[in-house]
Amino acid sequence: MRLTRYFLPVLKETPAEAQIVSHRLMLRAGMIKQASAGIYSWLPMGFKVLRKLENIIHQEQIRAGHIPIQMPIIQSADLWRESGRYDAYGAEMLRIKDRHDRDVLFTPTAEELVTDIFRSHVGSYKDLPLTLYQIQWKFRDEVRPRFGVMRGREFYMKDGYNFDLTKEDALHAYNRHLVSYLRTYERMGLQAIPMRADSGPIGGDDTHEFLVLAETGESEVFYDSQVTDLTFGDRDIDYDDRAQCQAVLDEFTSLYARTDETHDEALFNAIPADRRRVARGIEVGQIFYFGTKYSESMGATVADAQGNNVPVHMGSHGIGVSRLIGAIIEASHDENGIIWPEGVTPFHCGIVNLKQGDAEADAACDAIYKSLTALGLEPLYDDRNERAGGKFATMDLIGLPWRITVGPRGLKNGVVELTSRRTGESQELPPEQAVAKIHEIYQNL
RNA sequence: CGGGCUAUAGCGCAGUCUGGUAGCGCGUCCGUCUGGGGGACGGGAGGUCGUAGGUUCGAAUCCUGCUAGCCCGACCA
């Protein structure tokens, strides 16, 4: 993409309404525009990142054997009365009347709807296990939205629901979700620590929240420092292998790691003092096993092998997609702007032409642009007639992980500059080698 | 939902106390010179001062209602 043909409304100054760094940077980098309190339009670059996260989530969910669907955002109140949550949910649920004066609502979550789909079409244990998920806009009418997309009212969320014959099967589904979430967050360049959590209004027995450590996190967290040494890496996983999935869960949840909701001072103090950590975290996902809570109230049963109708065991599992963008920026930025991890960056690299209009510099930039594009990479070429300082400032702000700087001075020696946004380190090398290097970086991702 | 604050050009702000020609910086548009970390000079465009009413010869400024947004708390993915 050529910057002169793109829509990237960057701001030099910070809008007054933004307090925390991710909100400020998202506004300044032209990713979002507030439409009203807690509701945002996603401008091209923000939308691009959102799509990248979504793609990673889809890939990892499908890899785990889970099946994508899409459910409506406006739902009838009837189903919610059936589960008893229409009255239980409270003012956070946005209730609307349609033209026939029927009660409808903007979905805050979809247990009722997915359970209705299930009970309409599934009747036998032979159809299990089944996990359906969607990535869809949700609405929770927060009393006080804040922190930009991290605590909006409208938010984009992956929500998945497993249906299993037995508790053991459902716990395996729970473990599958934990494993797939670990992989998902790592691909996004994030460390998200599973912590024992409280089940809240969704209800249930087993639940873990995934937290990204950040000073601006809304939750206070307590953990054993060894937990941050754990990485999933590129290990092979067989999602049908129960023992293997269980082993991953054990590995990642045995060390002490809890939010303030479930914090246990005595257990925490049993950790060697030098490993005790108290910090703040941003919740970016949560997994639940809640058994037959909805299947019983809504009659979601299957015939088991003996021909008895039994309620299915369920769980639900969420990833806050839009808030993840805020979390990634909170975890990865400096005083000049965002630093995108390679896995989620809106463009793979920036090309800065230091002297727009100079025949040689223009030609070299065009050639680099074409080479990168031919390799399947997406560069952002700053071809504006701006001075170098302005172009560098924009690139730093929007945070592309790699930058190729092209100027007449370097071209005289046959070189361009390749710079890492994260480390600031630069190397001079011929244009073809810079292209090859970028290609290599993304191939190894 | 309790407490506090704000609303003036695209963004950041001054002007309000003490009523009298609506300003500054950045951005933006045109031109010239520039050209390796937000450059210089010259010339433009852009605001019914959130909204409705009131006081007054006269209201961005004083008074009242309303709306929107922000911060702290309670709540929450």
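Computed from a prediction, not measured in an experiment: that's the story for all the values here. Throughout, a chain's letter reflects where its sequence line sits, starting with A, and its residues are numbered from 1.
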Looking at [Y] and [X], is any side-chain nitrogen of the basic one under 4.0 Å from a carboxylate oxygen of the acidic one?
| X | Y | result |
| --- | --- | --- |
| E111(A) | K293(A) | no |
| E82(A) | R119(A) | yes |
| D260(A) | R280(A) | no |
| E54(A) | R51(A) | yes |
| R183(A) | E186(A) | no |
| D224(A) | R276(A) | no |

Would you tabulate the pairs of protein nitrogen or oxygen atoms and nucleotide nitrogen or oxygen atoms of nucleotides 39-45 of chain B closer than 3.5 angstrom?
residue, atom, partner, partner atom, Å
G39(B), N9, R387(A), NE, 3.4
G39(B), N7, R387(A), NE, 3.3

Please classify the nucleic acid contact of [X] as base, sugar-phosphate, or nothing, using heavy-atom distances under 4.0 Å.
| X | value |
| --- | --- |
| E209(A) | nothing |
| G320(A) | nothing |
| A393(A) | base |
| D358(A) | nothing |
| G390(A) | base |

Atom [atom1], compared across [N] and [M]: separation rounded to whole Å:
| N | M | atom1 | value |
| --- | --- | --- | --- |
| G43(B) | G35(B) | P | 24 Å |
| U61(B) | U8(B) | C1' | 11 Å |
| U67(B) | G12(B) | C1' | 24 Å |
| G46(B) | G37(B) | P | 36 Å |
| U48(B) | G23(B) | P | 14 Å |

Is [X] close enough to [N] that one of its side-chain N or O atoms is under 4.0 Å from OP1 or OP2 there?
| X | N | result |
| --- | --- | --- |
| R409(A) | G36(B) | yes |
| R144(A) | C71(B) | yes |
| Q34(A) | A68(B) | no |

Would you please determine if the base of A77(B) is stacked by F155(A), with stacking meaning a centroid separation under 5.5 angstrom and planes under 30 degrees?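 Yes, the aromatic ring of F155(A) stacks with the base.
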
Counting Watson-Crick and G-U wobble pairs only, both distances under 3.5 Å, name the nucleotide matched with [N], or none.
| N | value |
| --- | --- |
| C17(B) | none |
| C33(B) | G39(B) |
| U64(B) | A52(B) |
| G27(B) | none |
| G2(B) | C72(B) |

Any luck finding a side-chain donor-acceptor pair between S332(A) and R422(A) under 3.5 Å?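 Yes, side-chain donor-acceptor contact under 3.5 Å.
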
Between [N] atom [atom2] and [X] atom [atom1], what is the distance in whole Å?
| X | N | atom1 | atom2 | value |
| --- | --- | --- | --- | --- |
| L27(A) | G10(B) | CG | C1' | 14 Å |
| E283(A) | A77(B) | CD | C1' | 5 Å |
| R153(A) | C75(B) | CZ | P | 20 Å |
| R384(A) | G38(B) | CZ | P | 14 Å |
| K412(A) | G35(B) | NZ | P | 12 Å |
| Y181(A) | A77(B) | OH | C1' | 12 Å |
| M157(A) | C76(B) | CE | P | 15 Å |

Residue among Q70(A), H317(A), H58(A) satisfying side chain to side chain donor-acceptor pair (under 3.5 Å) with Y133(A): H58(A)

Sequence neighbours excluded - salt bridge (charged side-chain N to carboxylate O under 4.0 Å, His left out) pairs with any residue from residues 319-340 of chain A: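 For residues 319-340 of chain A: E218(A)-R323(A), D334(A)-R421(A).
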
Under 3.5 Å, which N/O atoms of the protein pair with N/O atoms of nucleotides 11-15 of chain B?
residue, atom, partner, partner atom, Å
C11(B), O2, E13(A), OE1, 3.3
G12(B), OP1, A16(A), N, 2.7

Is R81(A) positioned over the aromatic face of Y86(A), cation under 6.0 angstrom from the ring centre and no more than 45 degrees off axis?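 Yes, a cation-pi geometry.
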
Does H23(A) form a side chain to side chain donor-acceptor pair (under 3.5 Å) with R146(A)? I'd like the steps, not just the answer. CA-CA 9 Å; H23(A) 190 193; R146(A) 59 187 125 170; over 6 Å; no

